[in-house]
Amino acid sequence: MSVLVYTENWDGLFKKQSFELVSYASAVAGMMNTKVTALSIGKVDAEELGKLGNWGAEKIINAVSDELTVFDSQAYTGIIADIARAEGSKVIIFSNNISGKALAPRLSVRLKAGIGAGVSKLPLSIEPFTVYKRTYSGNAFAHLVINSDVKILTLAQNSFDLTEKPTGAVPETINVSIDSSPVRTVVTDRVQQTGKILLTDAEIVVSGGRGMKSPDNWGPLVELASLLNAATACSRPVSDEGWRPHEEHTGQTGKMIAPNLYIAVGISGATQHLAGVSSSKYIVAINNDKDAPIFEAAQYGIVGDALKILPKLVDAVKGLKK
Amino acid sequence: MKILVCISNVPDTTTKIKFADGNTSIDTAGIQWVINPWDELSLTRALELKDDQANGVKSVTVAHVGPASSEPTIRKALAIGADDAIRINASASDAYYTAFQLAEVIRKEGFDMIICGIESSDFNGSAVGGMVAEFLGIPSVSSVSGIRFEGGSPLLTREIDGGRETVKVTAPFVAIVQKGIAKEPRIASMRGIMTARTKPVKVYEPVAADSLTTVAGFEKPAPRAACRYIDPENPAQLIDLLQNEAKVI
């Protein structure tokens, strides 16, 4: 028996969310009196792998295969299923991110394991296995009972604190065969942003809406974001107008994010927008309409002209840095 | 090429969610049901692909797992432009059960491209598309933000962390789509609404399948503390509070 956690790597490196995931897996394993095995697919060096042991992974497996050069959900599922069976894993944990959403459903069918998707807390109980999950785009939370022998959870990002628990586990690298699930995905082109904080990784996000009035007014917003080490985002009308790139659109049909701090500038806070940002730990609203719904979701608010307030915020943050 | 779009019906996004039966179910009284936003965009893109005859799309079918009461959602999809529809006469009790039913029908009817939205806005499970592919043993491509044809075969754009890839897979396959797939959902025309009435809806009875999960209860999100307002003449106070009270910067 074990808890298996799939720790994705990005060109051989982990992120903070990888360690949060291991911390979470370790806490679940504690509730079940069992141990955590961490699995990463694709070459990661021993030093990087060893970091997973700082957060409670008692066994660290790096599965590598020469045939795996692109992300193929069938081939990856095959590897994870084989290792889950070999480890006797009863709970398998993914991040609720791009790869977690691609792999968890396939693995669910292969292992006949029910999924709790987007959980944001430890299980409410182990017997029956009950998890707390977001539903109705954040307007309700369900107590979901998973009745199958094996369970799969995907953890909402930024929902569990890092908990240090060094194990000294020594990573093992294994060569895997993907004969049973051959790669059928061909990647013909790839575009990658570099040197920018990714919206889904950012701990602070500064986001602009129609209240910014024109794409020419984004200067101070971008400056504030850069001073705070934050990513920039926008509301749907702004991306639809082409004022900002589509990658920045946060909201129900855009990106779902859960940073520690979300600063909404000139965003009224339509239900669809809030659905994408309501899991943020703190929301700051800056809007000239005191009745805007964003103030209901915010802990801190300033009613006023965003374009006048932004430069003052920039100055205040510069003051901090001195 | 035959395209299938899987559609779910969900409460309109602005619905105020209320619970019933001792918080174990959703009170459906007064709920306005709509096609799940991602599924509506999927259907729109499928129809756009069919409009360009060079792509060789023969038909666009929609499939839905739900009781007869969800028929208006299906008719709406037909009014928007789907050629025909399949309804599996069962309540979609969980993702595993729903995907099992869809896979069974897809096996019987045969489709080349199956499009599913990334998630339904009610259960937020992000599971059915990948499960259908696995039940059928066919490839799935997730986080798809674009589908186009080149030389008669589909090319998919998928989002990756901080970028995107162009991907080719052999048909049949499942595309699990998200933001970007189509700009705006297509609106039903008057003619579309008229013809939708006579378009065929094939009803299948469900096959025996398990549900792996059950909802024991619902709760409302914890209420947020009331907003604390800061003097617009002194925004520096906000930075001070974020640093010393919230401790987030």
Side-chain angles (χ1 to χ4, degrees), chain A residues 10 73-74 98 101-102 105-106 108-110 114-115 117-118 130 134-148 184-193 198 204 228 246 249 252-254 260-261 271-272 282 284 295 297-304 309 312-313 316-317 320, chain B residues 13-14 17 37-38 95-96 99 118 121-131 133-135 139-143 155 159-170 179-180 212-221 224-225 227-230 232 235-236 238-239 241-243 246 248-249:
Chain A
W10 290 264
S73 56
Q74 272 176 302
I98 289 179
K101 286 177 188 175
R106 296 204 76 122
S108 162
V109 169
R110 209 166 290 199
I115 303 185
T130 309
R134 182 178 188 274
T135 57
Y136 293 91
S137 304
N139 291 311
F141 286 82
H143 295 191
L144 184 78
V145 180
I146 307 177
N147 301 306
S148 48
R184 287 195 264 177
T185 308
V186 179
V187 173
T188 59
D189 186 36
R190 184 172 205 202
V191 186
Q192 185 87 47
Q193 283 179 11
L198 298 183
I204 303 178
L228 292 171
H246 280 285
H249 167 200
Q252 193 184 35
T253 51
N260 288 333
L261 173 61
T271 317
Q272 289 87 341
Y282 284 89
V284 169
F295 288 112
Q299 285 85 351
Y300 299 107
I302 305 182
V303 180
I309 291 164
K312 292 184 188 168
L313 290 176
V317 176
L320 284 186
Chain B
T13 316
T14 53
I17 298 298
W38 288 272
Y96 188 89
I118 176 70
S121 63
D122 53 0
F123 200 65
N124 305 129
S126 300
V128 171
M131 287 178 170
E134 185 66 28
F135 277 125
S140 55
V141 182
S142 319
S143 55
L155 273 186
E159 301 294 306
I160 55 173
D161 279 299
R164 54 179 60 98
E165 290 179 339
T166 309
V167 170
K168 229 185 228 174
V169 276
T170 36
K179 159 98 177 152
L212 305 182
T213 58
T214 45
V215 174
F218 285 103
E219 62 180 85
K220 284 279 175 193
R224 284 186 180 259
C227 183
R228 179 161 169 188
Y229 289 95
I230 288 131
L238 171 67
I239 301 302
L241 288 168
L242 292 177
Q243 188 181 34
V248 284
I249 61 173

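Throughout, protein chains are lettered first and strands after them, A, B, ... in sequence-line order, and every chain is numbered starting at 1. When reading the values below, keep in mind they use all heavy atoms of this one structure, side chains included, and skip hydrogens, waters and symmetry mates.
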From [X] [atom1] over to [Y] [atom2], what is the distance, rounded to the nearest 0.5 angstrom?
{"X": "B:Arg228", "Y": "A:Tyr300", "atom1": "CZ", "atom2": "OH", "value": "6.0 Å"}
{"X": "A:Ile302", "Y": "B:Ile230", "atom1": "CD1", "atom2": "CD1", "value": "5.0 Å"}
{"X": "A:Asn147", "Y": "B:Thr214", "atom1": "CG", "atom2": "OG1", "value": "4.5 Å"}
{"X": "B:Thr13", "Y": "A:Gln272", "atom1": "OG1", "atom2": "CD", "value": "4.5 Å"}
{"X": "B:Lys179", "Y": "A:Gln252", "atom1": "NZ", "atom2": "CD", "value": "12.0 Å"}
{"X": "B:Asp122", "Y": "A:Ser137", "atom1": "CG", "atom2": "OG", "value": "8.0 Å"}

- request: Show your reasoning for whether side-chain contact (heavy atoms from CB on, under 4.5 Å) applies to B:Ile239 and A:Leu320.
  value: CA-CA 9 Å; B:Ile239 301 302; A:Leu320 284 186; 3.5 Å; yes
Counting heavy-atom pairs closer than 4.5 Å to chain A, which one of [options] comes out on top?
{"options": "B:Gly129, B:Gly217, B:Gly180", "answer": "B:Gly217"}
{"options": "B:Pro221, B:Ser143, B:Ala225, B:Gly163", "answer": "B:Pro221"}
{"options": "B:Ala236, B:Pro232, B:Ala216, B:Pro139", "answer": "B:Pro139"}
{"options": "B:Ser121, B:Ala99, B:Gly125", "answer": "B:Ser121"}

message: For the interface with chain B, which of A:Arg184, A:His249, A:His246 has the highest count of heavy-atom pairs at distances below 4.5 Å?
response: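 Option with the greatest count: A:Arg184.
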Quick check on [X] against chain A: is it the side chain, the backbone, both or neither that has a heavy atom closer than 4.5 Å?
{"X": "B:Ala246", "value": "both"}
{"X": "B:Ser126", "value": "both"}
{"X": "B:Ile160", "value": "both"}
{"X": "B:Pro37", "value": "side chain"}
{"X": "B:Leu238", "value": "side chain"}
{"X": "B:Leu241", "value": "both"}

Testing the basics here: between [X] and [Y], what is the closest heavy-atom pair and its distance to 0.1 Å?
{"X": "A:Ala102", "Y": "B:Ser142", "answer": "CB-OG, 3.2 Å"}
{"X": "A:Pro105", "Y": "B:Ala127", "answer": "CB-O, 3.2 Å"}
{"X": "B:Pro235", "Y": "A:Leu313", "answer": "O-CD2, 3.5 Å"}
{"X": "A:Gly301", "Y": "B:Cys227", "answer": "N-SG, 3.4 Å"}
{"X": "B:Glu159", "Y": "A:Ile98", "answer": "O-CD1, 3.7 Å"}

Within the structure provided, determine whether [X] and [Y] are in side-chain contact (heavy-atom separation under 4.5 Å).
{"X": "B:Ile118", "Y": "A:Lys101", "answer": "yes"}
{"X": "A:Thr188", "Y": "B:Val167", "answer": "no"}
{"X": "A:Val145", "Y": "B:Val215", "answer": "no"}

Does any heavy atom of chain B fall under 4.5 Å from the side chain of [X], the backbone, both, or neither of them?
{"X": "A:Leu228", "result": "side chain"}
{"X": "A:Gln299", "result": "both"}
{"X": "A:Ile204", "result": "side chain"}
{"X": "A:Ile115", "result": "both"}
{"X": "A:Leu261", "result": "side chain"}

So, the side chain of [X] versus the backbone of [Y]: is there a donor-acceptor pair under 3.5 Å, distance only?
{"X": "A:Asn260", "Y": "B:Val248", "value": "no"}
{"X": "A:Thr271", "Y": "B:Thr14", "value": "no"}
{"X": "A:Gln192", "Y": "B:Asp161", "value": "yes"}

query: Taking only residues two or more places apart in sequence or in another chain, which ones pass ring-ring contact (aromatic ring centres under 6.0 Å, His included) with B:Tyr96?
result: B:Phe135
query: For the ring pair A:Tyr136 and B:Phe123, is the centre-to-centre distance below 6.0 Å?
result: no
field: A:Arg106: partners by side-chain hydrogen bond (donor to acceptor under 3.5 Å, both in side chains), with sequence neighbours left out
entry: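 Scan of A:Arg106 (side-chain hydrogen bond (donor to acceptor under 3.5 Å, both in side chains), adjacent residues dropped) gives B:Glu134, B:Ser140.
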